[in-house]
Protein chains: 2
Amino acid sequence: MKDREQRKQSKGLFIAVRKNYLSNYSKKLRVDLHEEAWYNESVNVYGRRMSVIPTIKDVAREAGVSYATVSRALNNHPEVSDDTKKRIIKIALEMGYQPNAIAQGLVKKETKTVGLIIPDITNPFFPEVARGIEDAAVEAGYTIFLCNTNWNAEREERYLNVLMQKQVDGLIIGPSSEEISHLGKILDSRIKTVFISRAINHANSTCIIIDNVLGAEQAVEYLIERGHRKIAFIGGREDISTNRERLQGYTQAFRNNGLELDESLVKTGSFKRDSGYFIMNQLLKSDTCNRPTAVFAANDLLALGVIQAVKENGLSIPQDIAVVGFDDIEFASLPEIQLTTVAQPKYDMGKLAFTTLMELMRGGGYSSGRKILLDPVLVVRKTG
Amino acid sequence: MKDREQRKQSKGLFIAVRKNYLSNYSKKLRVDLHEEAWYNESVNVYGRRMSVIPTIKDVAREAGVSYATVSRALNNHPEVSDDTKKRIIKIALEMGYQPNAIAQGLVKKETKTVGLIIPDITNPFFPEVARGIEDAAVEAGYTIFLCNTNWNAEREERYLNVLMQKQVDGLIIGPSSEEISHLGKILDSRIKTVFISRAINHANSTCIIIDNVLGAEQAVEYLIERGHRKIAFIGGREDISTNRERLQGYTQAFRNNGLELDESLVKTGSFKRDSGYFIMNQLLKSDTCNRPTAVFAANDLLALGVIQAVKENGLSIPQDIAVVGFDDIEFASLPEIQLTTVAQPKYDMGKLAFTTLMELMRGGGYSSGRKILLDPVLVVRKTG
DNA sequence: ACGATCAATCTAACCGTTTTGAAGAAAAAA
DNA sequence: TTTTTTCTTCAAAACGGTTAGATTGATCGT
C-alpha cells in the first residue's frame, strides 16, 4: 500500500521533471528531485539535448520490481500477474524504454538480422529482388544488412566475415565470383544461407535461380525462328555460372536447330552497360563482312549498351540487328526501348528467397540443399 | 597428449547431448562437459556438419592464458608481450576464432553499424546514392542496415525504432514524409543522423541536399528561354519538401521572367513512373486547347512516364512537347531517351553523407545542424 | 640484500538482457 | 493449526566480450 503510494508520488515528480525538459536543469537537480529515477531525462551535452537511454533496470526501479519481472512482463510471459504486467508496461512506455537488441542478441543467440550480399546494386535487377526480400523480412521482424560487393570477390569474403561476426541469423547471397572456397566455410557453419541469381556447386547449398539455360535457349530459338543465323552472344563475366548457363542455352538452341555456331561471335566482358557497348562496337568494327544479324545479350544492361553501339554505327534495330536481353528490368519496357528480353520474377524471387531462408532458420537444417528453379518468360517487344 | 584424448572423448559426449537437444537435456550436463575444450570441433547435427564457434575463452584455454590477455593480444594492446601476442594470434587463427561483434557492441556501446532509410530503392537514384554510402562505410569499417520504406511513414517510424533498438551508431535518412514528429525523437537521441535528398526543418538536423529550388529554376528558365510559355509541373508527393522546393523553383522561374503561371498546369501525384504517365495522360485528354508545350517533371521517373504518355498520344518530343526531368538517373542518358534533366552528384552525395556522419559520430555533437547544399547541373539532351 | 620500479598477466566488474532455480506469500487442503 | 499447492516474484547465472585495478616476478639502483 505504502509502496504504491510512494510510487505514485515519485511518478508525479517524474512528470514535473519532464515538463522542465527544455529549460535549464542539471543532472544534480534532477537527482535531488527524484532520488533514483533520473534516467530517461535529457542531459545537456555541449548545449545539445541528449536523452539518457533507460534500461530494463531503470524501469524495474521505477516499478519497484526486479528486472527479471520487467523482462517477463514486457515479453508477455504468463507467470507475471496481469496487474503487474499492465503497470510495468505503462511505466516502460512512459519512460520511452526500448529494449537493447544487442543485449537480447547476446543472450538469445539470435539477432533477427540477415545479410544480403549482392554484386551490383545499381543493376536494377537487384534492387527489385532486394525489395522483395525486404518486404518479406519486415513482415517477419528481420532487418537486413546491405552488402554490395561491386563484383569484387575479396570484398565479398570480407563481408562474409563481418556478417559472421555480427552474428546474422541468415544470409542471402548473389555470389560475385565462381571461387567459392570462402563460401564453403559459411555453408558448414550454423548460418543458414540461400543463394540467389546464381547456383553454387555445393551439396548443402540452397539456391533460388531462374532456369538460365532454358531462358537463353528460348531467346535464341526465337531469334532463329525469325530467320537469324548469325547470332552473337555478348556475355558478362566468363567465370560466372549465370553467364556460362546462358551461353549454354545459346549453344543448345543452335544445336537443337542443327545449326553451327560461329565462335567468333561469342564475346564476354562484365555485366555492365559500357561493356556491352564496348564489345558491340568491336564486333561491328572489326569484321564487317561477318557482322551478326542478331545479338543475345546476357543481361539487359549489356543489351542496352549493345543497342547504343548499334545505333551509333548507323544501323537500325531490329531491321539490321535484332537484340534480346535477359532480366526484364523495369526500363526494358520503356516505349523508347521496348527491349525483347527474358523476364525473371524478380520481386517474387526476393520474397521466395527470404521465406525459404526463414524455413531453413526455423527448420534446424533439415531442408538444406534444395535447388529451386524458376521459369523464365520470353517477353517479345520491339528489339528482336 | 592426454588432454587431446580427453577432448575427443568429450566431443563424443557432446554429440550425444546435441542429439537429445530438443528433448530432455539439462544445463547441468552441459556444464559438466564444458570443462574441456570441445570448441571449434565440427559436430554432426541432423546429419549435417556444423562447427561449434570458438569463443575468446576457448582460445584462452588453448593458449593457457586468461581471456583478458587474449582480448588484449587480438586488439594489439601494448601491454602484452610480443611473444604471447604472436602465439595467441596464431592459435586464434588456427581455431578460426571470430570475435563476436554483438558482445563487443554490448560492452563498447558501439556497433559499427549505421542505418540507411530510403523511400524507394527501385528508383535508380537511391541505389546510386547507396553505393556511395556503402563504399565509404566499408572503408571506415561500418556495415549498413538497408531500410526501404516504400514511401510509408509508418514503416519509416517502425524502422526508426528497430534501428534504435539495434543500437546503430548513426543514421542516414531520406525521409518519406514531411511528418517528422517521430524524427524529432531521433534528433534528440544519441544517434547521429544525416538527412539526404530532403532537408528536415529542425535546428539540429544535418542535411545534405541538392539545391532543389535552383535546379528547378534553371530547368524551367531553360524552357522559357526556348520559347515555352505553357509549362506544366508534374510533381511527386505534394507534402514532401523536395517536391515543394522544385515547385518553388518552377514558380520562381516564371516570376523572374515576368510571366504568369497557369495553376491548372501544376499537378502532383507520387514519385513514380506510372504517376507521371497517368497525370500526363489526364493533362492531355482533359483540355486539349490548354495543352502545355513543355513539362518539367519533379524527377526522372515521372519524366519517363510523361514521355510515354506524350508518345502514346501521338505527339512528338520535343517538337510538340518538351520534357525536362530531375536527378539524372543512369537511364536518362540512354540514346533512346536522351532526357534533359537536372543532375545530382548521386554517388558523391552518398560518400559525403557517410563522411559527414562519421564526423558527427566522432565529434560528439559539435557540428550538428549543418545544411550542405550541393549544386545542381542542368544536363541538356534531346527531350527539351 | 632490500625495497622500488616495471612489464606481463590475471581477477573481477561490467555492458543489458533472458532464464533457471529458489523463495515468499497467499490460498487450499488436511 | 499445519501442511501442501499455487501463484508471484526475486536473486543470480549466463551470453562473449573489454577494461580497470590487483598481483606477480623480474630487473634495478643502492
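Source: prediction; values computed, not measured. Lettering of chains follows the sequences in order, A, B, ..., and the numbering in each one begins at 1.
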Original post:
In terms of the nearest nucleotide of DNA chain C, which residue is placed more toward the 5' end: B:A103 or B:G64?
Top reply: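 Between the two, 5'-proximity favours B:G64.
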Can you find a side chain N or O atom of [X] that sits less than 4.0 Å from OP1 or OP2 on [N]?
X      : N      : value
B:K85  : C:dA8  : no
A:Y67  : C:dC15 : no
B:T84  : C:dT9  : yes
B:S66  : C:dT11 : no
A:K108 : D:dA14 : no
B:N100 : D:dC15 : no
A:S71  : C:dT18 : yes
B:T69  : C:dC10 : yes

**OP:** Rounded to the nearest 0.5 Å, what's the gap from CD1 on A:I56 to CG on A:L74? Could you check?
**Re:** 6.0 Å
Original post:
Quick one: NE2 on A:H77 to OG on A:S71, what's the gap to the nearest 0.5 Å?
Top reply: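 Rounded to the nearest 0.5 Å, the NE2-OG separation comes out at 6.0 Å.
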Original post:
Minimum heavy-atom separation for B:T55 to B:Y97, with atom names?
Top reply: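 Smallest interatomic distance, heavy atoms only, reads C-CE1, 3.5 Å.
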Which whole-number value in Å describes the distance from [X] [atom1] to [N] [atom2]?
X      : N      : atom1 : atom2 : answer
B:K109 : D:dT19 : NZ    : P     : 13 Å
B:K57  : C:dT11 : NZ    : P     : 12 Å
A:R72  : D:dC10 : CZ    : P     : 10 Å
B:I102 : D:dG17 : CD1   : P     : 11 Å
B:E79  : C:dC6  : CD    : C1'   : 13 Å
B:R61  : D:dG17 : CZ    : C1'   : 15 Å
A:D83  : C:dA25 : CG    : P     : 19 Å
A:L106 : C:dT18 : CG    : P     : 12 Å

Subject >> 5' precedence on DNA chain D between A:V80 and B:I56 (nearest-nucleotide basis) >> reply: A:V80
**OP:** Anything under 30° is parallel, anything over 60° is perpendicular, the rest tilted; go ahead and classify B:Y142 against B:F354.
**Re:**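 Taking B:F354 first and then B:Y142, their aromatic rings stand perpendicular (interplane angle over 60°).
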Original post:
What is the nucleic acid contact for A:Q98, judged by heavy atoms within less than 4.0 Å: base, sugar-phosphate only, or nothing?
Top reply: sugar-phosphate
Subject >> side chain to side chain contact (heavy atoms under 4.5 Å, CB included) partners for A:T355, two or more places apart >> reply: A:L352
**OP:** Tell me which nucleotide among C:dA12, D:dT9, C:dT9 gets nearest to the side chain of B:S81.
**Re:**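 Within the option list, the nearest is C:dT9.
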